[in-house]
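In this chain, residues are counted from 1 in sequence order. None of the values given here were measured: they were computed from a predicted structure. Counting starts at 1 for both ligands and their atoms, following the listed order. FYI, side chains are in, hydrogens and waters are out, and symmetry mates aren't considered; it's all heavy atoms of this structure.
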Amino acid sequence: MASTGRLVQLTSLLQEKVKEVDTYIRENNLPDPSFDASYPPVLHLPKQPDAARQAALEALDELRAHLLGPVGTIYESVLDHTSPISLHAITSYDIMNAFPTNATSTIPEIAEKCGMHPDDATTMMRHGLARRLFLQKEDGRIAHSALTRAIVDVPNFSSFITGALDDTWVAAPFVVPAMRKWPGSQEPNQTAFNLAQGTDLPFFEELGKKAESSGAFADRMSFFMSSPGMSLDYAIEGYTWAAHKGGTIVDVGGSHGVVALKLSEKFPGMQITVQDRPEVVARAPKSLTGQVEFQAHDFFTEQPIKGADVYFFRWIFHDWSDKYCIAILRALIPALRTGSRVLMMEAIVPEPGTISGFQERPLRAFDMGMKELFNSKERSEGEWRKLLGDADTRFEVVDVLRPEGSQLGIIVVDWTG
Ligand SMILES: C[S@@+](CC[C@H](N)C(=O)[O-])C[C@H]1O[C@@H](n2cnc3c(N)ncnc32)[C@H](O)[C@@H]1O
């Protein structure tokens with residue numbers, strides 16, 4: 001029999017890893033962790049102490065589940081369905097801006113400032129306070145916490161929260177009803193979002209009806225894109241673009257051409273066309289050099305640029321179910337010549353069960369979000385390979401790149417037809 005049980009093993013591991021993080025904090029004169037509004041919104045750690053932080057969180061996750069026990073764990077997750085409600089109220093009513101981050105207030109003052117009924121404000125604030133959204137001072141007044149200050153200060157964070165809660169979280173209770181109504185549907189307008197919003201339109205078309213929703217979605221995307229794992233540098237440095245330095249590149253669904261513009265700076269001989277929906281292209285910046293062109297093109301219709309060296313798709317296919325991904329790939333085929341390269345820059349999720357539940361949970365949350373909004377999914381390497389094979393066996397995967405630190409990998413595909 002082991003000399004210590006699992007609980008003590010996990011606690012020792014936790015202590016060892018936390019000590020590593022704590023040592024780094026002290027040696028570098030970083031502020032000691034606190035919930036006070038003065039505490040920075042993100043604790044930036046280099047690789048090694050960050051690995052220790054992850055290991056500590058993982059040990060803590062298992063320790064907590066063991067201490068709660070099976071019924072306790074499920075009971076907690078059922079109760080947890082209320083968890084985002086106060087956050088939703090805080091961003092919807094702009095409570096975080098009701099008083100300055102260095103001042104204090106009261107619930108009646110907040111209610112008046114935000115146009116809320118005082119009873120509603122009390123329920124929301126009490127729920128939030130229990131989650132460290134704001135802090136209750138000894139004199140009973142309310143102050144900002146490090147969390148609510150982050151909502152105020154971190155660019156586009158509040159749009160991200162509002163968007164994610166307004167669109168995705170409100171759709172969550174409709175996932176099971178949507179599956180019952182449309183079992184196995186691959187249609188983008190037979191989703192939990194459609195039931196929640198009472199619309200027949202796919203997500204982006206519904207959003208497009210209201211200008212402010214499209215703008216908020218763009219802000220939400222900006223927050224995503226600002227995370228280190230989504231850096232554009234991975235698109236530029238994660239693949240050997242030099243092999244096509246005098247070639248023609250088509251960035252399909254390339255939005256406003258941020259990747260194309262960076263590529264053109266690095267490779268002045270490259271000719272790049274960025275394709276997107278007409279309303280997106282209409283708002284695209286004008287290229288100064290003529291090296292980057294924009295073209296309205298629906299990627300479900302035949303690709304008009306024939307024989308390019310590379311057809312690049314970044315973060316396109318995960319929005320679509322297999323049926324539609326196959327349609328996008330097949331619309332490309334008439335333009336391909338032997339050796340044409342297709343690059344798919346996408347999340348490549350590990351096969352289920354190959355990483356811990358703690359690591360897999362956020363990936364599955366993304367996967368569920370894709371189901372809620374689009375009836376699409378995040379895919380593993382095996383699923384990407386199968387998708388390409390189902391589209392046409394002449395697509396050959398020649399490499400699968402996983403740039404270190406990048407949230408997205410690059411599936412390198414050659415056309416062998
Ligand atoms: C998640 S964004 C990715 C944008 C860009 N590739 C990037 O990595 O930042 C998906 C893009 O696909 C575009 N899109 C959606 N449907 C399209 C269609 N039918 N034809 C062309 N582009 C489309 C959207 O307008 C949007 O720019």
Side-chain angles (χ1 to χ4, degrees), residues 156 160 163-164 167-168 186-189 201-209 211 213-239 241 249-264 272-285 292-305 310-321 323-332 335 342-348 366-367 369-370 373-379 403 406-411:
N156 298 315
F160 162 75
D167 302 331
T168 317
Q186 297 205 30
E187 297 306 321
N189 65 346
L201 294 175
F203 176 75
F204 284 113
E205 286 179 37
E206 178 64 23
L207 224 58
K209 284 198 320 197
S213 305
S214 304
F217 188 79
D219 289 346
R220 182 175 161 188
M221 281 296 121
S222 302
F223 176 78
F224 260 125
M225 297 298 185
S226 67
S227 72
M230 288 300 290
S231 166
L232 283 181
D233 292 345
Y234 294 119
I236 311 298
E237 307 301 335
Y239 173 73
W241 286 103
I249 314 293
V250 184
D251 184 354
V252 190
S255 189
H256 288 175
V258 279
V259 173
L261 292 170
K262 277 208 160 202
L263 269 181
S264 69
I272 312 170
T273 305
V274 180
Q275 298 175 332
D276 210 295
R277 293 163 60 111
E279 68 274 19
V280 177
V281 167
R283 293 195 311 267
V292 177
E293 287 174 356
F294 289 89
Q295 181 180 56
H297 169 60
D298 174 359
F299 51 46
F300 290 109
T301 63
E302 184 175 319
Q303 172 56 245
I305 300 185
V310 179
Y311 295 89
F312 178 62
F313 296 79
R314 181 174 183 257
W315 230 27
I316 299 299
F317 292 99
H318 85 141
D319 282 346
W320 300 94
S321 63
K323 171 182 162 181
Y324 286 93
C325 289
I326 288 171
I328 296 170
L329 285 165
R330 288 187 180 159
L332 200 57
V342 180
L343 296 177
M344 299 160 71
M345 189 158 190
E346 295 283 349
I348 305 171
F366 264 106
D367 191 34
M370 303 316 288
L373 298 184
F374 307 112
N375 265 335
S376 67
K377 60 185 174 189
E378 300 294 347
R379 295 176 174 88
S406 175
Q407 211 171 309
L408 307 180
I410 303 175
I411 302 146

Checklist entry - When His318 is tested against each of Arg379, Lys377, Glu378 for side-chain hydrogen bond (donor to acceptor under 3.5 Å, both in side chains), which residue passes? => result Glu378
Checklist entry - Any idea which atoms of ligand 1 are less than 4.0 Å away from a heavy-atom of Asp298? => result 18 (C), 19 (N), 20 (N)
Next on the checklist: Would you say the ring centers of Phe374 and Phe204 fall short of 6.0 Å from each other?
Outcome noted: yes
Checklist entry - Considering all heavy atoms of both residues, which atom of Phe300 and which atom of Tyr324 are nearest to each other, and what is their separation? => result CE2-O, 3.5 Å
Next on the checklist: Determine whether a donor-acceptor pair (N or O, by modelled atom type, separation under 3.5 Å) exists between the side chain of Ser231 and the backbone of Pro228.
Outcome noted: no
Item to check | Protein heavy atom at shortest distance from atom 24 (C) of ligand 1 | outcome: Asp276 OD1, 3.5 Å
Item to check | atom 20 (N) of ligand 1: the protein heavy-atom neighbour that sits closest, reported with distance to 0.1 Å | outcome: Phe299 N, 3.0 Å
Next on the checklist: Treating Trp241 as the side-chain partner and Ala235 as the backbone partner, does any N or O pair qualify as donor plus acceptor under 3.5 Å?
Outcome noted: yes
Checklist entry - For atom 15 (C) of ligand 1, what is the nearest protein heavy atom, given as residue, atom name and distance? => result Arg277 CD, 3.7 Å
Checklist outcome for this item: Taking only non-hydrogen atoms of Ile316 and a 4.0 Å limit, the atoms of ligand 1 in range are 10 (C), 11 (C), 12 (O)
Item to check | Interatomic spacing from CG in Leu263 to CZ in Phe312 - rounded to 0.5 Å | outcome: 7.5 Å
Next on the checklist: Tell me the closest heavy-atom pair linking Ser406 and Met345, and the distance in Å.
Outcome noted: OG-CE, 4.4 Å
Checklist entry - Of all the atoms in ligand 1, which lie at a distance below 4.0 Å from a heavy atom belonging to Val280? => result 25 (O)
Next on the checklist: Out of all atoms in ligand 1, which are within 4.0 Å of some heavy atom of Arg314? Include the element for each.
Outcome noted: 3 (C), 5 (C), 6 (N), 7 (C), 8 (O), 9 (O)
Next on the checklist: Tell me whether Gln303 contacts the main-chain N or O of Ile305 through its side chain, where contact means a donor paired with an acceptor under 3.5 Å.
Outcome noted: yes
Checklist entry - Can you tell me which residue and heavy atom of the protein come closest to atom 4 (C) of ligand 1, and the distance to 0.1 Å? => result Gly253 O, 3.4 Å
Checklist entry - Nearest protein heavy atom to atom 2 (S) of ligand 1, by residue and atom, and its distance? => result Trp315 O, 4.1 Å
Next on the checklist: Against ligand 1, does His297 come closer than 4.0 Å with any heavy atom?
Outcome noted: yes
Checklist entry - So how far is it from Tyr239 OH to Ile410 CD1, rounded to the nearest 0.5 Å? => result 8.5 Å
Item to check | ligand 1 N/O within reach of Gly254 N/O, cut-off under 3.5 Å | outcome: no
Checklist entry - Do any nitrogen or oxygen atoms of His318 lie less than 3.5 angstrom from nitrogen or oxygen atoms of ligand 1? => result no
Checklist entry - Are Met225 and ligand 1 in contact, using a heavy-atom cut-off of under 4.0 Å? => result yes
Checklist entry - Which is it for Asp251 and ligand 1 at heavy atoms under 4.0 Å: side chain, backbone, both or neither? => result neither
